[in-house]
Amino acid sequence: MTELKDMDLDGGTTRGSGGFLGSVWEKLYGAEGSLSSNAMEKAQKAAGELVASAKNGGFKVTKESANHLIKALQNALSDLDRAEGTLRNFDQRPNLGNHPYGQLVAQHQYEAANGPGSARVAITQLRTVLQLSIEALLHASDQYEEREAEIQHSLRLMAQS
């Protein structure tokens, strides 16, 4: 089993090829750097698989490492909260006048913030990914501690005999 602390999380870059983060960047944004239409669904699926893997002992991570990663993910969740607050400005169509062009732009702005593929939908999906990632890290770190306790117990028994 691979421990997260032993993985190369960034091969020196966060964009392009190389390392774990470069791979994630390419999967989410593609070679052209724009968010692909199915990226968040794929990320949600991968995060769910990460939780399942952690529950089944597929990977382990120390509490210390998990806590650092969880703190970063919680900070990202706080950033999402602020972004959602900004999007509340688009809960209604902006008043850009009664002329056809103003109505068209107002509708477009409203749909960009609230419709399919909107910033609001992306934020909701990203929130799910972050929460699942936190859950996986909690499971993985608990399993790491359980395994460490088992080893210490075995060593104590061996020392007593």
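The structure presented is a predicted model; accordingly, all values stated were derived computationally and were not measured. All residue numbers in this chain count up from 1 along the given sequence.
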**Study point:** same_hphob_cluster(F90, L96) at 4.5 Å side-chain heavy-atom cutoff
**Key:** no
Review point. Any ion pair linking K55 and E135 (charged N to carboxylate O, less than 4.0 Å)?
Key: yes
**Study point:** Heavy-atom neighbours of E64 CD exceed 12 at 6.0 Å
**Key:** no
Point to revise | V121 reachable from Y110 in the ILVMFWY side-chain graph, under 4.5 Å edges | key: no
Exercise for review: Keeping the roles fixed (side chain from S53, backbone from L50), state whether a donor-acceptor pair exists under 3.5 Å.
Suggested key: no
Review point. Among all residues two or more places apart in sequence or in another chain, which pass the side-chain hydrogen bond (donor to acceptor under 3.5 Å, both in side chains) test with S141?
Key: K63
Check your understanding: Minimum heavy-atom separation for A54 to A140, with atom names?
Key -> CB-N, 3.9 Å
Exercise for review: State the CG-CG distance between L130 and N75, to the nearest 0.5 angstrom.
Suggested key: 11.0 Å
Check your understanding: Say you draw a straight line from CD of E84 to CG of L80; how long is it, rounded to the nearest 0.5 Å?
Key -> 6.5 Å
Practice item. State the CD1-CE distance between I151 and M158, to the nearest 0.5 angstrom. Key: 11.5 Å
Study note, to complete from the structure: To the nearest 0.5 Å, atom CG of L87 lies from atom CZ of R82 at 13.5 Å
Check your understanding: Quick check: are there more than 12 heavy atoms from other residues, nucleotides or ligands sitting under 6.0 Å from CG of N98?
Key -> no
Exercise for review: Begin from the C-alpha positions of T128 and L132 and carry the test side chain to side chain contact (heavy atoms under 4.5 Å, CB included) through to its verdict.
Suggested key: CA-CA 6 Å; T128 300; L132 287 170; 3.9 Å; yes
Study note, to complete from the structure: OG1 (T62) and CG (L137) are apart, to the nearest 0.5 Å, by 10.5 Å
Review point. Taking all non-hydrogen atoms of both residues, which atom of A106 and which atom of R93 are closest, and how far apart?
Key: O-CG, 3.9 Å
Check your understanding: Is a side-chain N or O of N95 found less than 3.5 angstrom from the main chain of G97, in a donor-acceptor match?
Key -> yes
Exercise for review: Determine whether E49 and K45 make a side-chain contact, defined as any pair of heavy atoms from C-beta on separated by less than 4.5 Å.
Suggested key: yes
**Study point:** N/O donor-acceptor pair under 3.5 Å between T124 side chain and R120 backbone
**Key:** yes
Exercise for review: Establish whether V129 and V51 are linked, either directly or via other cluster members, by ILVMFWY side-chain heavy-atom contacts under 4.5 Å.
Suggested key: no
